[in-house]
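Residue numbers count from 1 along this sequence. Whatever order the structure lists ligands and atoms in, that order sets their numbers, starting from 1.
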Amino acid sequence: MQKAPEQMEFVELTPSAPIKTTTHGWRAKCLQRLIRLELPVPRTVALPCETVRAIAAGQYIDTAILTKLLGQEFLVSVRGSPENPEWGGPGTVLNVGMNATMLARLTETHGAEAAEALYLRFVQNYATHVARLDPDMFADEPGPGVLRRTLDVYFSEMDEPFPQDAATQLAHVLRSMARAWEGTTARLLRQAKGAPIDAVLGLVVQDMALGIGPGLSGSGTIQFVDSVTGSGQVTGRFRGQSQGRKEVIEALYLTRDPRGASLEEASPEIFAELIKHGAGARQKLREEMQLEFAIASGNLAIIDAVRVVRSSRAAVRIAVDLAEAGVIPREDALLRVEPRALSELLHYQVDPRAPRDVLARGIAASPGAATGKIVFTASAAQAMAARDEPCILVRRETAPEDIRGMHAAVAVLTERGGMTSHAAVIARGLGLPCIVGCSEIQINFRDRYFTGPKGRIFREGDVVTLDGSNGEVLVGAAAMLEPALDDGFRTLLHWADNVRDIGIRANADTPDDARTARMFEADGIGLCRTEHMFFDEDRLTVMREMIFADTPNDRRIALERLLPMQREDFRALFDIMAGQPVCIRLFDPPLHEFLPHDREGMRELAEALDRPLSEVTRRVDALSEFNPMLGMRGVRLGVTVPEIYDMQARAIFEATIEASQNGAPIVPEIMIPLVSAQREVEIVKTRIDAVAVAVKNERKADFTYRLGVMVETPRAALRAGEIAEHAAFLSFGTNDLTQMTYGLSRDDAGRFMGTYVNQGVYDEDPFHILDVEGVGELLLIGAGRGRNMRPDVTISVCGEHGGNPESIAFCRAAGFDYVSCSPFRVPVARLAAAHFALLAPRKGVPI
Ligand code: PEP
Ligand code: MG
């Protein structure tokens with residue numbers, strides 16, 4: 001039922017008026033707080049959300065009520081007041097109440113020029129936003145005769161003169177703002193920002209503070225922190241507009257400025273007043289606010305206050321500073337920073353203010369930005385790096401043999417691939433900006449160029465910028481912002497560690513990765529992919545000898561050469577991680593990945609191994625598989641070629657003994673990949689236990705270790721109960737598990753993933769956001785069955801999903817012990833985990 005007009009509740013903002021954010025919107029509440037602080041806020045009246053909704057639905061506005069409240073003549077502004085300032089709302093309308101009488105009065109006090117300019121602006125605003133006339137007809141700048149002409153245009157378009165009754169003007173403005181809120185575009189925009197479907201709007205009507213007049217007059221904004229860095233600094237703008245004849249003050253700047261007079265110098269008293277008001281607002285509103293003010297003949301008015309717009313790095317600094325000053329509790333500081341925003345602080349970013357010439361778009365696979373010259377091969381990347389020239393490696397897709405090229409490049413771009421393709425996973429691990437699945441480019445490897453949309457051609461050596469945070473490839477060198485791992489960042493994350501209740505480890509394969517993991521204060525290494533250790537030049541040859549060995553004995557001889565290298569690798573990881581857990585995954589990929597793919601490579605290999613080319617070709621052919629991801633890899637190699645795992649176990653144990661000599665004993669974790677049957681685990685475990693006994697006897701030293709299983713096949717998840725009999729931990733490899741659950745190749749899905757997501761077949765790319773319905777159910781089944789069999793079994797996720805906030809929420813709710821993700825995703829994961837701990841109590845495993 002509609003309310004009777006008399007009941008329309010306009011409430012004047014006083015310290016005790018019953019104003020709430022939920023009933024009158026944030027702006028009304030904010031202004032009331034400023035009034036309570038005794039800030040000089042002009043008379044302000046709030047219209048409740050309920051009334052605004054009724055007006056939009058056709059409720060009659062009785063102008064008598066407006067007149068009773070504001071008088072016959074008034075000059076006011078109207079601003080929107082939604083519950084949350086992020087939800088937008090109609091633009092402010094100023095100078096409502098301007099008419100011929102007011103024009104005459106203001107002409108007397110402020111001069112004709114100023115008075116006409118005010119009237120003109122109001123007529124233009126009213127004509128376009130309230131009467132909905134064509135803006136082009138109302139775009140003239142103030143000048144002689146312009147006001148008259150504009151009023152004439154209004155008359156001829158509307159067939160009636162511009163309304164002169166202030167209350168009528170206001171009623172129309174209120175109605176048009178109320179309706180604007182209900183428009184489809186406004187609704188979609190606010191819903192995209194998280195507003196509920198029934199979000200409401202309040203309105204605030206305020207006496208105009210004109211900022212003109214004799215003496216010091218003008219208007220501006222002031223804030224007390226820098227919007228980009230968040231550090232304390234007074235910034236803002238001020239425009240003096242004095243019409244006085246005697247004391248013309250043309251202060252143009254807020255603070256002292258070599259370019260001209262400033263408010264700070266023109267009136268230190270008013271400037272000090274603003275500083276005092278700013279401090280009060282910060283304390284009372286528990287936020288860094290930007291004040292909007294006007295000065296009329298030396299009298300200050302505070303018109304409005306809004307939350308300071310801020311970059312991600314400023315958001316961190318501001319939240320920490322507010323908490324350290326005791327203005328907000330630490331928990332609030334944590335919740336005020338969006339976890340994903342942290343990844344911006346870890347990398348170079350394209351300066352958002354800089355111009356961008358976008359040449360192509362792909363999947364944003366690893367955040368950060370870098371500029372470099374285009375190269376098309378790993379060897380060209382290495383050559384460029386040797387000359388200290390930054391380069392961007394462009395490939396159709398990457399393979400393990402490109403790793404050295406990726407190390408040498410500052411960013412990676414691939415035509416194919418999705419979020420868990422080789423390029424994406426490695427780039428995230430290295431902290432390199434990366435775009436994959438960039439099907440808008442076509443690479444011509446022979447002539448070393450690629451063609452972008454509209455036929456634009458980019459050759460080897462051309463400079464481009466890759467923005468891995470949003471998937472855009474830009475032409476030329478873009479302006480950059482530097483990373484910001486400052487004290488504020490570290491402090492916030494320490495607070496996060498104090499409240500989170502799920503472990504965050506890092507996936508780290510090399511000492512460099514491990515150092516990054518330490519720098520980002522991960523709780524250990526959750527996945528060390530040992531195969532990456534075999535791609536260095538010296539190791540690759542030995543590895544190939546091992547693969548080509550004719551007998552187990554020959555194989556053992558090759559492996560003995562790899563043993564000391566592996567021992568050093570593990571020793572380095574243990575030393576860097578200084579007693580934190582290190583989970584080492586035994587060799588996983590198919591062997592053919594270590595063999596050359598082209599004739600030239602085979603010839604070189606034949607030479608290195610001193611064997612005929614025909615034999616090398618035959619052996620390479622024999623090792624190739626129709627479907628290598630489902631072929632002889634992971635534990636299947638461990639069962640059929642057990643010497644590799646024997647060597648790795650020995651290297652781990654010997655490194656353990658050496659690393660434990662300097663401090664507390666290391667307890668290594670050894671993980672078996674791609675398991676699908678209990679018996680596989682038994683076979684591998686028996687051999688590894690035997691190696692442990694042998695090493696203990698030889699070295700006359702003792703150690704313990706934990707053996708666990710990577711759950712990457714649906715069968716392993718279903719049979720997790722019996723598998724857990726032999727496993728101290730189960731770590732879900734959700735990359736392979738997603739691949740196998742969907743029957744979707746992680747390397748090829750990028751080609752159609754965009755179409756699938758756009759058409760709603762999948763809500764999200766399941767390689768990016770964990771599919772909680774399907775893959776998630778397997779996780780719950782696996783965790784539940786594993787724990788039933790072995791209550792103390794450690795459960796974790798080490799696929800790429802581990803760094804994803806939604807997936808962390810799932811794992812935490814399911815009672816997992818930790819997640820493990822690329823080192824550069826660790827900070828986001830730490831903060832996201834803290835958010836979940838603060839917002840939702842932890843439940844047990846729901847099975
Ligand atoms: C996985 O499959 O989830 C995993 C972590 O292993 P990889 O990505 O090396 O296959
Ligand atoms: Mg895997």
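- Residue contact annotation: Asp736 places an N/O/S atom under 2.8 Å from the Mg ion (ligand 2).
- Here's the thing with Asn735: one of its N/O atoms is less than 3.5 angstrom from an N/O atom of ligand 1.
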Verify side-chain contact (heavy atoms from CB on, under 4.5 Å) between Glu712 and Phe732, making sure each step is shown before the conclusion. CA-CA 6 Å; Glu712 298 177 278; Phe732 290 93; over 6 Å; no
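- Residue contacts with ligand 1 for Arg746 involve side-chain atoms from C-beta outward but no N, CA, C or O (heavy atoms, distance under 4.0 Å).
- Residue contacts with ligand 1 for Arg585 involve side-chain atoms from C-beta outward but no N, CA, C or O (heavy atoms, distance under 4.0 Å).
- The one candidate from Phe752, Phe767, Tyr756 that meets the ring pair (Phe, Tyr, Trp, His ring centres under 6.0 Å) condition with Tyr762 is Tyr756.
- In this structure, Arg416 and Ser439 have side chains that are not in contact, with every pair of non-hydrogen atoms separated by 4.5 Å or more.
- Every atom of ligand 1 is numbered from 1 in the order shown, and the set under 4.0 Å from a heavy atom of Gly799 is 3 (O), 5 (C).
- Counting only heavy atoms from C-beta outward, the side chains of Asp736 and Arg746 approach each other to under 4.5 Å.
- Closest protein heavy atom to atom 4 (C) of ligand 1: Met710 CE, 3.3 Å.
- Residue contacts with ligand 1 for Thr734 involve N, CA, C or O but no side-chain atom from C-beta outward (heavy atoms, distance under 4.0 Å).
- The shell of residues lying under 4.0 angstrom from ligand 1, judged by heavy atoms, includes Leu527.
- Within Glu712, the N/O/S atom positioned nearest the Mg ion (ligand 2) carries the name OE2.
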Where do Leu778 and Leu718 land on the side-chain contact (heavy atoms from CB on, under 4.5 Å) test, with the steps shown first? CA-CA 7 Å; Leu778 283 171; Leu718 296 171; 4.1 Å; yes
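- Looking at Pro589 and Phe594, their side chains come closer than 4.5 Å, going by heavy atoms from C-beta outward.
- Contacts of Gln739 with ligand 1, taken as heavy-atom pairs under 4.0 Å, are absent altogether.
- Side chain of Thr713 to main chain of Val675: a donor-acceptor pair is present (N/O by atom type, distance under 3.5 Å, no hydrogens or angles).
- A cation-pi arrangement is found for Arg505 relative to Tyr818, the charged atom lying closer than 6.0 Å to the ring centre and inside a 45° cone about the ring normal.
- The protein heavy-atom contact nearest to atom 9 (O) of ligand 1 is Arg529 NE, 2.7 Å.
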